[in-house]
Amino acid sequence: MNRRLLWMASAAMIATSGQAWAQAAGQAPDQNVALDEIVVTAQKREQNLQDVPAAVSAVSAEQLEARNVAQVTDVVRVSPSLTVTENTNATGNSINLRGIGTFSFSIGIEPSVAVVVDDVALLQQAQAFSGLNDIARLEVLRGPQGTLFGKNAAAGVINIVTQKPTKTLTGSVGGTLTSDGEKRVEGMVSGPISDKAGFRLNAFYGDRDGYIKNLNTGHKLNGERAYGVRGRLELDPTDNLNISLTAAHTNTKTDGQVRTFRSINPGAVAFGAPLALSAVGLTPGADNYKIRIDTEPKNTSKQTTLTSRASLDLGGASLVSITGYQDWRFRFLEDLDTLGSPTLLNAADPTSILPKGSTAGGPFHSTNLTQELRLVSSGARKLDYLFALFYADGDSNRSYARGPNAATSWAATATTKTMAAFTQMTYHVGERTHLDGGLRFNHEVVEATFVNTTPTATPPANNASCLITCSGKAKDDHITYKVALRQDLADDVMAYASFSTGYKGQGFDISTGFNPARAAKPVRPETSKAYELGLKSRILDRRVQLNVTGFLTDFTDFQAQGGVTQPDGTIVPQLSNVGSLRSKGVEVEVSAKPVRALRIDASAAYTDATIREFANAPCYTNQTLAQGCRPVGGANFQDLSGKPLANSPKFKYSLAGVYDVAMPDMPFDGFVTAEYTHQSAVMLDLLGTPISRQKAYGVVNASIGVAGRDEGAYRVALFVNNLFDQHYASSLGYTGSSNAGAVAQLLPRNSKRYVGVRARMGF
């Protein structure tokens with residue numbers, strides 16, 4: 001029934017579009033109907049999106065509001081070939097582009113996809129999962145971006161640009177209420193201080209109930225309470241000097257994320273007790289939003305960022321200085337075993353008590369100081385150029401404790417110092433032919449210190465682990481480059497071909513099991529070679545924008561998180577270099593505005609991301625010889641060559657429409673939005689665990705509302721998320737016992753239907 005309704009909705013949208021085109025046919029061009037041009041900073045200078053020889057999705061503030069994009073996890077709906085793998089806390093999340101992303105427990109490993117806020121890259125990817133607020137534009141750059149954005153952009157960049165101060169005094173207040181218990185308020189005020197200074201101040205507070213019920217306590221878990229504030233001061237002390245100062249702080253507390261049981265094997269035992277005891281009152285399955293756990297998780301994230309940007313106009317060029325400082329503190333406590341009893345009876349001796357199952361927790365603290373200096377040409381010229389110097393000093397500390405089962409505790413630090421010089425130039429060979437090239441030299445020094453604080457630590461056998469302290473230091477130099485040829489085939493039609501190299505720096509696998517061997521030999525750098533063909537066009541009086549990209553990227557020494565099963569049944573995380581992998585495919589993005597009242601946005605991606613060579617990969621839990629797990633030198637390995645990457649759907653597409661309804665007899669106009677996003681089946685585990693397969697699914701979101709005719713006056717929308725209540729998991733894995741007695745799943749909030757109202761009033 002759901003599929004039939006989806007086809008009917010799609011047919012209605014196409015029919016509406018067809019009628020609109022028919023009405024517009026034969027009419028004189030209406031410039032007010034044409035799609036707005038989007039100016040992006042994908043190449044660290046302001047450019048029209050359609051002139052950039054790279055695959056870029058750009059979403060304006062209006063589109064973000066219309067499609068209710070409020071979190072980084074929502075961005076998967078507006079960009080093809082983007083997925084997000086969620087875990088039990090933000091430090092285990094992974095942003096993936098074209099199938100490529102880094103999931104790692106280590107604070108010494110950087111992400112494959114960089115998240116950049118106002119020209120400053122976040123040190124830890126987990127910092128990005130604190131919500132979006134007061135955003136002017138969001139850009140998703142797909143493919144290696146290391147030439148301009150550095151060594152943590154091997155697979156791409158999410159570039160977030162916040163709003164600037166306004167020329168006149170303005171402000172707004174808004175709020176959101178939902179059926180699943182979300183209450184959010186936000187406000188903004190902006191305007192001039194004098195003819196040479198302006199300000200913008202925004203703040204928000206949100207409180208959302210959880211949606212997973214803990215039957216042990218009656219509490220709802222996976223809820224969130226957050227607040228934040230950002231202030232921006234814009235100064236123009238002289239006609240050729242602009243200074244921008246920004247300070248922001250967010251505080252986010254969550255009760256999760258917790259996992260629920262998808263299945264429990266009959267008779268399964270964990271820590272001496274039947275697993276069925278932890279499932280009393282709930283029914284395991286894909287739609288199980290109940291759990292019975294003894295330790296309720298708590299996560300707290302506090303982040304402060306300071307950014308200074310100064311731009312001096314030298315006439316034919318501008319000198320730009322960007323200084324950033326970030327301080328991020330994160331603390332978590334989670335239940336590792338998903339068991340429901342604080343104590344367990346020994347089945348062999350009911351009078352004896354076993355300790356409760358494992359919990360894990362500990363604080364993170366990261367700081368990062370960055371400085372970038374650019375010289376950027378301005379005005380029309382035969383050769384456009386950008387020269388830049390970059391410096392970063394990042395420091396991360398983490399303490400970890402797990403127990404009482406498989407007890408371990410440790411404290412570690414990871415530091416990275418980076419110096420780089422890079423350039424990008426565009427030579428206009430002719431009026432319609434352009435050659436783009438970029439080059440970056442990167443030098444970095446990484447260090448790690450690991451202190452084993454486990455109370456029962458004993459002298460290691462064969463140097464297997466650090467008894468007290470292990471430390472390591474390494475340095476690396478690398479050059480990345482990019483070249484692109486673009487040809488203007490006609491007005492508003494451009495084709496390009498590009499080749500680029502990518503690089504993600506070496507790092508220490510700082511996690512349980514860290515040993516002198518890891519300290520002496522960090523995980524090798526990850527490198528890539530990327531080929532891209534693209535077509536960017538605007539046709540039919542700029543009412544239709546069609547962008548098509550074909551890509552092929554080969555990765556060498558891809559850094560992948562796995563695990564090694566110990567003799568006692570516990571799994572020790574281990575980061576490995578995959579021999580090689582390849583990501584290839586086609587992406588299509590279409591925006592259309594047949595009439596002023598209707599806008600349609602569609603995107604689709606075919607991505608084939610596979611491992612080409614990984615002969616000695618760890619076996620998944622309980623993998624047998626018949627399933628490919630073979631003994632090699634006292635350990636067990638499998639060959640993953642030819643297998644798909646985790647959370648990389650072969651097909652992913654979305655269709656969204658916004659229709660403005662004129663209501664001349666009313667003091668307001670109406671609007672209707674609808675969106676459908678679909679992705680094919682994926683394996684959520686790199687090691688290929690059979691139970692980690694998430695089947696294909698599609699989600700429908702919609703809204704209806706009214707808005708004042710004056711720009712920014714007021715807007716009220718009634719919306720529904722996941723209209724057909726399509727359940728899906730963002731992670732799947734064994735839990736509770738070394739004998740794989742149960743499968744646990746993480747069900748994100750958007751996997752469940754909820755409705756809400758969102759209102760905003762300007763002044």
Would you call the rings of Tyr653 and His678 parallel, tilted or perpendicular, taking 30° and 60° as the class edges? parallel

Is it the case that Asp118 and Thr162 place a side-chain donor and acceptor less than 3.5 Å from each other? yes

Are Asn133 and Arg230 linked by a side-chain donor-acceptor pair shorter than 3.5 Å? no

Please test Gln745 against Thr260 for side chain to side chain donor-acceptor pair (under 3.5 Å), starting from the C-alpha separation and ending with a verdict. CA-CA 5 Å; Gln745 60 190 352; Thr260 66; 3.1 Å; yes

Does either side chain, that of Asn48 or that of Glu37, offer a donor lying less than 3.5 Å from an acceptor on the other one? yes

Can you see whether Thr673 engages Ser703 through a side-chain donor-acceptor pair at a distance of less than 3.5 angstrom? yes

In terms of heavy-atom contacts, Phe671 and Arg715 come closest through CE1-NH2, 3.5 Å

So Tyr728 and Tyr697, would you call those rings parallel, tilted or perpendicular, with 30° and 60° as cut-offs? parallel

Taking Arg77 for the side chain and Glu675 for the main chain, is one N or O donor matched with an acceptor at less than 3.5 Å? no

Can the positive tip of Arg142 be found less than 6.0 Å from the middle of the six-membered ring of Phe551, inside 45° of the ring normal? no

Can you see whether Asn750 engages Asp74 through a side-chain donor-acceptor pair at a distance of less than 3.5 angstrom? yes

Between Thr85 and Asn96, is any side-chain donor less than 3.5 angstrom from a side-chain acceptor? yes

Side-chain donor-acceptor pair present, Asn93, Glu86, cut-off under 3.5 Å: no

With a 3.5 Å distance limit and no angle check, can you tell me whether Arg543 reaches the backbone of Pro594 through a side-chain donor-acceptor pair? yes

Not counting sequence neighbours, list each pair that qualifies as a salt bridge (charged side-chain N to carboxylate O under 4.0 Å, His left out) and has a residue in residues 648-674. Asp669-Arg709

side-chain contact (heavy atoms from CB on, under 4.5 Å) between Lys752 and Asn722: does it pass, once the steps are laid out? CA-CA 6 Å; Lys752 197 173 185 180; Asn722 200 342; 5.6 Å; no

Trace of the salt bridge (charged side-chain N to carboxylate O under 4.0 Å, His left out) decision for Glu587 with Arg98: CA-CA 10 Å; Glu587 300 157 335; Arg98 296 175 174 173; 2.9 Å; yes

Stepwise, does the side-chain contact (heavy atoms from CB on, under 4.5 Å) test hold for Arg596 with Val33? CA-CA 5 Å; Arg596 186 179 295 106; Val33 174; 4.2 Å; yes

Examine distances only and state if a side-chain atom of Asn721 and a backbone atom of Tyr754 form a donor-acceptor pair shorter than 3.5 Å. no

Donor-acceptor pair between Ser57 and Glu589 side chains, under 3.5 angstrom: yes

Would you mind telling me which of Thr102, Val113, Asn152 makes a side chain to side chain contact (heavy atoms under 4.5 Å, CB included) with Gln125? Val113

With side chain to side chain donor-acceptor pair (under 3.5 Å) as the criterion, how do Gln545 and Asp492 come out once you've worked through the C-alpha distance, each side chain's angles and the decisive distance to 0.1 Å? CA-CA 9 Å; Gln545 179 174 294; Asp492 298 320; over 6 Å; no

With sequence neighbours left out, which residue pairs that include part of residues 175-185 fulfil the salt bridge (charged side-chain N to carboxylate O under 4.0 Å, His left out) condition? Asp180-Arg749, Glu182-Arg749, Arg184-Glu186

